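No experiment lies behind these values; they were computed from the predicted model shown.
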Amino acid sequence: MESNVVETKGGTVSVASAFAGHQEVVKDRDHKFLKKAVEEAYKGVESGDGGPFGAVVVKNDEVVVSCHNMVLSCTDPTAHAEVTAIIEACKKLKRIELSDCEIYASCEPCPMCFGAIHLSRIKRLVYGAKAEAAIAIGFDDFIADALRGTGFYQKAQLEIKRADGNAAIFAEQVFEKTKAKFQMY
């Protein structure tokens, strides 16, 4: 069996097998968990909880949580499937980082969800539909513009301004003054 180096990071070498069966196993596994995320998307719409989005967090080939969009039922525009899944997985695992987990999303994540995935340190993201599928049924094209780097701030219907002077200095000081008391990892 032949192997190829896929990634080197911090002295760790990841190796992908050239064994044809390995790719099929990964593909079947991904399809299984992605199917669960899509089923969650249907469940969310049928229950009236929110839009057609689902997400599943997986650890060691076991589903940790399976969630769907809860924007309508929670009256919370941030209650996207991926964010909800990350919150619930962190609660269940009693920690704030999910570096040994993967997330399966029914649709390409929006910038907020991608940010949450990144901040949670999830090691792998697999998504099904492209953002354009959501846009085609009326979801904001901000999602794809942001993901494609096409200047999404220009489309936002809000003013974005950084504070200046003493207000900015005061806000920045909180990081310096609390760094000894607060460490993420």
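In plain terms, the two heavy atoms of Ala116 and Val83 that are nearest each other are CB-CG2, 4.1 Å. The heavy-atom pair separating Glu40 from Ser66 by the smallest distance is CG-OG, 2.8 Å.
Ile122 and Leu93 fall within a single hydrophobic cluster, where Ile, Leu, Val, Met, Phe, Trp and Tyr are joined by side-chain heavy atoms under 4.5 Å apart, directly or via other members. Connection of Met112 to Ile87 is established within a shared hydrophobic cluster, with ILVMFWY side chains joined at heavy-atom distances below 4.5 Å, either directly or through further cluster members.
Here the side chain of Asn60 pairs no donor or acceptor atom with the backbone of Glu62 at under 3.5 angstrom.
With sequence neighbours left out, Asp30 forms a side-chain contact (heavy atoms from CB on, under 4.5 Å) with Val26, Tyr104, Arg124, Val126. For Lys92, the side-chain contact (heavy atoms from CB on, under 4.5 Å) partners are Val64, Val65, not counting sequence neighbours. Remark: Tyr127 engages no residue in a ring-ring contact (aromatic ring centres under 6.0 Å, His included) (not counting sequence neighbours).
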Acceptor/donor pairs from residues 47-55 side chains to any protein atom, 3.5 angstrom cut, sequence neighbours excluded:
from: Ser47; atom 1: OG; to: Lys43; atom 2: O; distance (Å): 3.0
from: Ser47; atom 1: OG; to: Gly44; atom 2: O; distance (Å): 3.1
from: Ser47; atom 1: OG; to: Asp49; atom 2: OD2; distance (Å): 2.9
from: Asp49; atom 1: OD1; to: Ser73; atom 2: OG; distance (Å): 3.3
from: Asp49; atom 1: OD2; to: His68; atom 2: NE2; distance (Å): 2.7

Side-chain atoms of residues 75-82: list all donor-acceptor pairs with protein atoms under 3.5 Å, sequence neighbours left out, distances to 0.1 Å.
from: Asp76; atom 1: OD1; to: Thr78; atom 2: N; distance (Å): 2.8
from: Asp76; atom 1: OD1; to: Thr78; atom 2: OG1; distance (Å): 2.6
from: Asp76; atom 1: OD2; to: Thr78; atom 2: OG1; distance (Å): 3.2
from: His80; atom 1: NE2; to: Pro77; atom 2: O; distance (Å): 3.1

Query raised in the report: side-chain contact (heavy atoms from CB on, under 4.5 Å) between Lys59 and Cys101: does it pass, once the steps are laid out?
Result: CA-CA 5 Å; Lys59 178 182 173 197; Cys101 296; 3.8 Å; yes
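Note that SG of Cys107 is 11.0 Å distant from CG of Asn69, once rounded to the nearest 0.5 Å. Here the CD-CZ distance, from Glu102 to Arg29, works out to 4.0 Å after rounding to the nearest 0.5 Å. Here the straight-line distance linking atom CG of Leu34 with atom OG of Ser106 works out to 7.5 Å at 0.5 Å rounding.
Residues Lys32 and Val58 fail the side-chain proximity criterion, which asks for heavy atoms closer than 4.5 Å. Residues Lys27 and His31 form a side-chain contact, since some pair of their non-hydrogen atoms from C-beta on lies under 4.5 Å apart.
Other members of the hydrophobic cluster containing Tyr42, listed by chain and number, are Val38; membership follows side-chain contacts under 4.5 Å among ILVMFWY residues, whether direct or relayed.
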